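In listed order, ligands and their atoms are each counted from 1. The shown structure was predicted, so the numbers you read here are calculated from the model rather than taken from an experiment. Note: hydrogens, waters and symmetry copies are ignored here, and every other heavy atom, side chains too, is used.
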Amino acid sequence: MTDPTSASSTGPAGDFIRDLIRRDNEQGTFGGRVQTRFPPEPNGYLHIGHAKAICVDFGIAADFDGVCNLRLDDTNPDTEESEFGQAIAADIEWLGYTPPQPTRHASDYFEQLYVWAEHLVQEGLAYVDDQDPDAISAGRGGYGREGVESPHRNRPIEENLDLLRRMRAGEFADGSMVLRAKIDMNHENMQMRDPVMYRIRRGHHFRTGDEWVIYPTYDWAHGQSDAIEGVTHSLCTLEFDSHRPLYDWYLDHLPLPGDQPRQTEFARLELTHTVTSKRRLAQLVADGVVDGWDDPRMPTLRGLRRRGYPPKAIRDFCSYIGLTRTNSRHSIELLESFVRRELNVSSQRRMAVLRPLKLVLTNWPKDEAGEPVVEWFETVNNPENPDDGTRLVPFTGELWIERDDFALDPPPKFFRLSPGKEVRLRSAYFVTATDVVTDDAGEVVEVHATYDPASKGGNSPDGRKVKSTMHWVSARHAVPARVALYDRLFSAQVPGERTGDAFDDLNPNSVEILEAQAEPALAETEPGQVVQFERLGYFAHDPREPMLFHRTVGLRDEWANIQKRQAKG
Ligand code: ATP
Ligand code: MG
């Protein structure tokens, strides 16, 4: 079995897009220049799917000493905000890429687009259609059904020009007419059946204000913006495959300032148990299913960041899954294995008890003042990185241990603490349970035990073996921490597969908050820092709320288990 996260496996060697660019460069296409762009619409926050596109767009530009612009596709005044634009730029930086300044906007090109629209009108290649939207849509026909030409399709050029100018001047009501490209109403590709270029919409645009009442469609804006910026390779996801003939058609018919860019499509990233649609993510926020766009259960870059995902783990994952032209859904466990691999190296270890149960050592000594002795154990912060140094962890006669590390009636193969059994308290002592205190309901509220002074440091005094090593926290020194444990936000592997609605697969118990007790050093953790709680997983300190920790991932590599199961068939 190959470990996808090991340094020696860097994913598929090369990919079809890099191969294509290499060929372009050999043949001198675009003069050896490589320019890409990442074109999000500023109507929400970036998610893990966008991360793949960012790694592709910025990563390929970097590999070929090229340029990748961040271009906000701000062609819809109703849904877009500058707040989203700023967040997008910040998230790209966090992921590890620095777009050139300033951020480009499709709205920077509204005037040029308009000039080109008049050009197409003058060439007899665009016309104003004042049918209502339903009639336009019906006239398109469908697959195997011919389209019907609009009665306005053969308007004289001068009349089209006059109407277009008056559309721009605001003389007509919203939705009362559109500008359409005059291509082919019987084209086998629906995109080519006289697509709409401009619609009238009086919305306040966050950058151009009320300057425009006509707004370009995605298809009319995109390729032209690419050409204006000097993009050579316009990389996008497969759903734009059918738009490519239209992308080319517009560019073929315009007097471009330079090279004609070329569109190439690759597969979207989909993950199990995850939705990657901004609309659906926005709905999770609006419905209050999650606490916001940066809720640690969200697949947004903000959510993953708050959850403790290192950006490098996301980049390595994207590089490993590589580029293909077939849509597929990757296991979230694979992404998590990259996160775990990275955090294992970068995060310091701490001890915390999530569901505390009191353990009292009945033979623990007292000092001259009659107080229980305190011992400080020097403990390595990170066995993977000696530079992280050591810390002192206090140990006394009253400790917190994990509630489920003790069983009054242990089931078979329960190797942790139970009456008469001996275990190791990590780096401290061997202890043997002797007695319990129960409440009125019979619940164990306190465990009594004796410790073996000869086992100091957790070392076996006489070759005696114990089957379990447990974490613990000194009760007197403990600091309280709130700990959030997460389960999948969607319980189904493919949300929505059953009923067609992903929200039917929402997991009602995707978060559990616990009042934990932790060793004192946890209080010194920086906001945003990720530490490993011994035996429990990796936990990220919330950036805003002190002593709130989010479980990033557990310790067990579930991806390895999935692979074993798959190998067995
Ligand atoms: P959504 O469906 O979430 O609204 P979108 O495609 O409308 O996504 P845009 O802001 O238009 O979002 O996307 C910007 C870029 O990111 C596009 O080039 C798009 O192809 C790419 N992208 C979006 N989602 C994914 C994904 N799941 N995998 C790979 N690339 C993606
Ligand atoms: Mg989009």
Side-chain angles (χ1 to χ4, degrees), residues 15 17 35-61 68-76 78-89 91-92 95 97 99 103-107 216-219 221-223 225-226 229 231 233-244 247 261-286 293 298-304 314-315 317-330 332 335 494-496 502:
D15 55 67
I17 296 184
Q35 185 167 335
T36 61
R37 82 287 165 270
F38 173 63
E41 193 182 344
N43 61 352
Y45 293 90
L46 298 181
H47 54 62
I48 185 73
H50 292 113
K52 172 175 177 180
I54 293 168
C55 290
V56 170
D57 294 328
F58 285 91
I60 286 180
C68 176
N69 284 336
L70 166 60
R71 183 201 313 144
L72 298 177
D73 173 27
D74 57 346
T75 50
N76 182 352
D78 298 340
T79 55
E80 294 158 3
E81 293 170 26
S82 65
E83 183 209 326
F84 290 131
Q86 282 156 21
I88 286 169
D91 287 352
I92 294 171
L95 194 57
Y97 300 99
T103 296
R104 310 309 199 261
H105 294 79
S107 57
T217 54
Y218 170 88
D219 289 303
H222 203 82
S225 302
D226 284 346
E229 289 179 9
V231 168
H233 298 83
S234 186
L235 311 176
C236 61
T237 35
L238 280 176
E239 69 270 26
F240 293 105
D241 180 82
S242 64
H243 296 240
R244 188 176 354 109
Y247 181 97
R262 206 174 52 214
Q263 175 181 307
T264 305
E265 309 85 22
F266 58 89
R268 287 174 79 83
L269 167 62
E270 303 288 352
L271 286 175
T272 55
H273 302 286
T274 307
V275 302
T276 46
S277 140
K278 267 185 286 188
R279 192 178 56 82
R280 296 304 257 165
L281 296 178
Q283 200 182 342
L284 288 170
V285 176
W293 286 94
M298 289 282 270
T300 52
L301 296 188
R302 310 227 132 181
L304 298 176
I314 300 176
R315 293 197 306 270
F317 166 75
C318 289
S319 148
Y320 177 77
I321 60 171
L323 277 170
T324 62
R325 277 192 56 88
T326 337
N327 279 322
S328 67
R329 196 175 280 267
H330 292 274
I332 182 118
L335 171 58
V494 182

Within ligand 1, which atoms have a heavy atom of [X] less than 4.0 Å away?
X	answer
Ser277	3 (O)
Thr237	19 (C), 20 (O), 29 (C), 30 (N), 31 (C)
Phe38	15 (C), 16 (O)
Pro39	14 (C), 18 (O)
Ala53	16 (O), 21 (C), 30 (N)

Quick check on Arg280 - does any of its heavy atoms sit under 4.0 Å from an atom of ligand 1? no
Looking only at heavy atoms of His50, does any of them come nearer than 4.0 Å to an atom of ligand 1?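 Yes, His50 has heavy atoms under 4.0 Å from ligand 1.
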No-hydrogen, no-angle side-chain donor-acceptor test under 3.5 Å, [X] and [Y]:
X	Y	answer
Asn43	Glu80	no
Arg37	His222	yes
His105	Asp74	no

Nitrogen or oxygen of [X] less than 3.5 angstrom from that of ligand 1:
X	answer
Leu269	yes
Arg279	no
Glu239	no
His47	yes
Cys236	no

Report yes or no: does Ser225 contribute a side-chain atom to a donor-acceptor pair with the main-chain N or O of Ala221 at less than 3.5 Å?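 A pair under 3.5 Å: yes.
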Walk me through whether Arg244 and Glu265 qualify under salt bridge (Lys or Arg N to Asp or Glu O under 4.0 Å). CA-CA 9 Å; Arg244 188 176 354 109; Glu265 309 85 22; 2.7 Å; yes
Can you confirm whether or not the ring centre of Phe240 sits under 6.0 Å from the ring centre of Phe266?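 No, they do not, as the ring centres are separated by 6.0 Å or more.
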Is there a side-chain contact between Thr276 and Leu271, using heavy atoms and a 4.5 Å cut-off? no
What is the ring orientation for Trp293 with Tyr45, classed by angle as parallel under 30°, tilted 30 to 60°, or perpendicular over 60°?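 Correct class here is tilted.
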Verify side-chain hydrogen bond (donor to acceptor under 3.5 Å, both in side chains) between Tyr97 and Asp57, making sure each step is shown before the conclusion. CA-CA 10 Å; Tyr97 300 99; Asp57 294 328; over 6 Å; no
Honestly, for Glu270 the part within reach of ligand 1 (heavy atoms, under 4.0 Å) is neither
Measuring from atom 7 (O) of ligand 1, which candidate in Arg37, Lys278, His222 has the nearest non-hydrogen atom?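 Closest candidate by heavy-atom distance is Lys278.
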